[in-house]
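As structure tokens, the structure follows; a few thoughts come after it.
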Amino acid sequence: MKLLLAHILGDFVFQSKALVRERKENIAYLFLHVGIHALLLVLCFLSDLYDNWPVILFVSCSHLLIDSLKIWWERKFPYKPFHIFVVDQVLHLATIAAVAIHQYGLSVEWLDGLLSEKNLLYLLTLLLTVCVSPILLRVFFSRWKQENELEGKPASSLTDAGLLIGIMERLLIVLFIQLGFLSGIGFLLAAKSIFRFGDLTNARDTKFTEYILLGTLASFVIGVAIGFGLKLALRYTT
């Protein structure tokens, strides 16, 4: 928890936009950023600093290495900031996890709890919602894809926006079902319909309207099926 606290404070709270911008050009700002992390780690482990100085040194050096790789990667692929950010954070968190396991060990009981039937069901649901359902929808719509790609439509929308919107709405549907908040699904459908109303009105195209409605309803059907499938499976899980 202390390692996570120091990481969140250093990477999100005490890291300004100017620091992020300048450290790409001036290595001194990179060392300043890592120094802030090291200072936060020292403050977190102040009560038992002598026993934890190897942890502070290792995490700080790892942070310097990972951020150096990130800066190099950003220069090589400047058009993928989100992907770079995700990989950067995954590496930092993996380092923290490795240090925690090395320091405190990984008990069999903890591992059994992590791989419990309930947790595996949640993981399976997440994979179905985020990874499997977009592929199912893409295959389902492949028969109409070329027919409904109207001129000007792809260029007027954000890249992969529809994919991300669909994933988030299905995650919300699964969450609403687990909470018993079924009316939330109706609000979600109504909100999406309101936002899409202008596009459908301006398009004045029956095929495009059918394509949008079919996509929305198919996404909601999959989300509802996954949500109730999870709820039913949890009843038979210890």
Side-chain angles (χ1 to χ4, degrees), residues 1-9 11-12 44 55 58-59 62-63 66 69-70 80 82-142 159-189 191-192 214-238:
M1 296 301 292
K2 290 180 178 180
L3 290 171
L4 281 174
L5 176 62
H7 173 71
I8 292 173
L9 289 173
D11 253 19
F12 296 95
C44 286
V55 171
F58 178 78
V59 172
S62 300
H63 202 100
I66 293 170
L69 290 173
K70 179 186 177 184
K80 291 186 176 181
F82 178 73
H83 299 77
I84 296 171
F85 170 79
V86 171
V87 173
D88 171 68
Q89 292 302 314
V90 167
L91 290 175
H92 286 312
L93 294 177
T95 301
I96 292 173
V99 170
I101 292 172
H102 180 266
Q103 285 292 104
Y104 304 106
L106 185 64
S107 64
V108 177
E109 293 79 8
W110 184 84
L111 187 61
D112 289 340
L114 183 64
L115 298 177
S116 64
E117 290 184 5
K118 184 176 292 186
N119 288 343
L120 290 175
L121 275 175
Y122 287 134
L123 177 60
L124 180 61
T125 300
L126 182 65
L127 292 174
L128 286 173
T129 307
V130 176
C131 301
V132 178
S133 59
I135 297 175
L136 290 176
L137 288 169
R138 185 163 64 245
V139 172
F140 177 68
F141 281 100
S142 60
T159 304
D160 293 332
L163 172 66
L164 295 175
I165 291 171
I167 290 174
M168 286 187 283
E169 75 183 18
R170 288 189 292 276
L171 285 173
L172 286 173
I173 290 172
V174 172
L175 176 62
F176 289 158
I177 291 175
Q178 305 317 303
L179 296 176
F181 183 47
L182 299 183
S183 57
I185 301 175
F187 286 123
L188 187 62
L189 181 60
K192 188 173 182 181
L214 191 59
T216 298
L217 294 176
S219 178
F220 271 70
V221 167
I222 291 176
V224 169
I226 294 174
F228 277 107
L230 173 62
K231 193 169 186 177
L232 182 63
L234 287 174
R235 291 182 181 176
Y236 298 97
T237 303
T238 56

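No hydrogens, no waters, no symmetry mates; every other heavy atom, side chains included, goes into these values. FYI, the numbering just counts along the sequence from 1. A quick note: this is a predicted structure, and the numbers were derived from the prediction, not measured.
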| request: Taking the side chain as every heavy atom from C-beta outward, state whether Leu175 and Phe181 have any atom pair closer than 4.5 Å. | output: no
| message | Any non-hydrogen side-chain atom of Val59 less than 4.5 Å from a side-chain atom of His7? | response | no
| task | Decide yes or no on side-chain contact (heavy atoms from CB on, under 4.5 Å) for Phe12 and Gln89, but give the supporting numbers first. | result | CA-CA 11 Å; Phe12 296 95; Gln89 292 302 314; 3.8 Å; yes
| field | Closest approach of Leu188 to Glu169 (non-hydrogen atoms, all atoms of both residues) | value | CD2-O, 3.7 Å
| field | Spacing of NZ belonging to Lys70 relative to NE2 belonging to His63, to within rounding of 0.5 Å | value | 8.0 Å
| message | Tell me whether Thr125 contacts the main-chain N or O of Leu121 through its side chain, where contact means a donor paired with an acceptor under 3.5 Å. | response | yes
| message | Quick check: closest heavy atoms across Ser133 and Ile222, and the distance to 0.1 Å? | response | CB-CG2, 3.6 Å
| task | Determine the minimum heavy-atom distance between Leu5 and Cys44, stating which atoms define it. | result | CD2-SG, 4.2 Å
| message | Using side-chain contact (heavy atoms from CB on, under 4.5 Å), reason through Leu137 and Arg170 one step at a time and then give a plain yes or no. | response | CA-CA 12 Å; Leu137 288 169; Arg170 288 189 292 276; 3.2 Å; yes
| said: Nearest 0.5 angstrom please: Asn119 CG to Leu124 CG, how far? | reply: 12.5 Å
| query | From Phe176 CZ over to Leu171 CG, what is the distance, rounded to the nearest 0.5 angstrom? | reply | 11.0 Å
| task | Rounded to the nearest 0.5 Å, what's the gap from CG on Leu136 to OG on Ser219? Could you check? | result | 11.0 Å
| task | Provide the closest heavy-atom pair for Thr129 versus Ile167 in the form atom of the first, atom of the second, distance. | result | CG2-O, 4.2 Å
| task | Could you grab the distance from atom CG of Leu126 to atom CD1 of Ile226, nearest 0.5 Å is fine? | result | 10.0 Å
| message | Working note: Asp11 + Asp88, criterion side-chain contact (heavy atoms from CB on, under 4.5 Å); need CA distance, chi angles, decisive distance, verdict. | response | CA-CA 11 Å; Asp11 253 19; Asp88 171 68; 4.2 Å; yes
| task | Output, in order, the C-alpha distance, side-chain angles, deciding distance and verdict of side-chain contact (heavy atoms from CB on, under 4.5 Å) for Leu3 and Val55. | result | CA-CA 9 Å; Leu3 290 171; Val55 171; 3.9 Å; yes
| request: Quick one: pull up CD1 in Ile185 and CZ in Phe220 and give me the separation to the nearest 0.5 Å. | output: 8.0 Å
| said: Taking CZ in Phe187 as the centre, count heavy atoms belonging to other residues, nucleotides or ligands within less than 6.0 Å. Is the count above 12? | reply: no
| Shortest non-hydrogen contact from Pro134 to Leu163? | CB-CD1, 3.4 Å
